[in-house]
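Following: one structure in structure tokens, then a few remarks.
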Amino acid sequence: MTKIYNIDTLDPMRFMARLEERRQKAAAAPAVPLPKEYAVNNLAQRLHPAKQFLKVSEVIERSTDCKSFVLTADRERGTEELAYFSAGQYLTIFLDIGSMHLTRAYSISSSPKEALEGRYMLTIKYVEDGLASRYILDNWKEGDAVTVSAPEGFFEYNSLRDARTVIGIAGGSGITPFLSMAKAIACGDEDFELKLLYGSRDSDHILFKEEFDELMKVTDKVEVIHVLSDERKDGFEHGFVTADLIRKYAPEGAYSVFLCGPQQMYAFVDQELEKLNLERKFIRHELFGEIHNPEGRAGYPKEAPQTVQITVKIRDEVKTVTGSAQDTILQILEKNGISAASRCRSGECGWCHSRLISGEVYVPKEIDGRRMADLKYGYIHPCASFALSDLEIEVPKAK
Ligand code: FES
């Protein structure tokens, strides 16, 4: 039987008396050198490498503004195998465009099993004014070297938290993590029912239709309902994903809702979800995405400046840069060639966690992932903060 001690009755002298006994045991032990490597460290390194060096081994055109890129390990640059992941996670891509150092997070659209077989697939769609997406779509070709992070993110199924049925709501390229989940269900790596309400403009803009049709032949745990906003067609729902539409496809009992899509979709669907009175834990959002142009957002002051000056301390260097107050602080740094640490770019992961030494910032509520202690001690996430005055900050350098 386990003996339960009350901390107030423990006698510290009893422990002191054991000191000599332990010294003697240590002195009597044979001198065995410590191992140079520990299995647990090797496993951690395989699952969470700081960087993965990959190459583009295939480019698949999906539409005029969307391509899939198959990435494999680049052994010449030191990556032997791909890190395993959970369906729904993303990779952060490190890009150097001219003098700019950028990062972008993209959901993995292949299955975890495919990572074990040596391939990831990322599907990237052009976003308006998207510097990185345009660069990738225009430039990446077979054989190109690409550097990415370990798989990251929390948009994954968890049987302890989530209901057995997940209503997935996707818009546009927000379908990518759901394709990974559907593949994982089909091959038995995940065990839940996925009902996907996938919104597209019209039937010509549906991504991965054939892939999902094939998966639905293999498993009855995946069902896709296409919702077209600009076209009426037999066998397709018309309009937007409303509370009524969710009710129509939801099971009798509990269900979780996973959302991934553009910010406009979140704004609309979140209002619809309120009508369903779901428990908070049953609603999961993939990264809200990077916010540009905060003007007009709730709480953004009317008299905010147009340009701001930021004095940045990064390791032993101090630089002063100028940028538009409509860009996030991270974007201003990147546009000025400062290589600050970042991953998700949505306020969630904390990689860019930085000390605000002086000045005032605006943080949109939707992407404010700071903890209480950050607020108390003046820390911000530059990827999710906009300068409201000249600033002094101390940021971590990208590794
Ligand atoms: S990069 Fe993830 S919180 Fe800023």
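Order of appearance sets the numbers: ligands from 1, and atoms from 1 within every ligand. Excluded from the calculations below are hydrogen atoms, water molecules and symmetry mates; all remaining heavy atoms, backbone and side chain alike, are included. If you're wondering where the values come from, they're calculated on a predicted model, not measured in any experiment.
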Go through the structure and list residues passing salt bridge (charged side-chain N to carboxylate O under 4.0 Å, His left out) with [X], not counting sequence neighbours.
X      : result
Glu142 : none
Glu117 : Lys113
Arg201 : none

Flag for Ser358-Glu392: side-chain donor and acceptor within less than 3.5 Å: yes

Arg46 atom CZ, over 12 foreign heavy atoms within 6.0 Å: no

Atoms named by residue and atom, protein N, O or S, within reach of atom 4 (Fe) of ligand 1 (under 2.8 Å): Cys352 SG, Cys383 SG

Rounded distance [0.5 Å steps], OH in Tyr126 versus CZ in Arg134: 5.0 Å

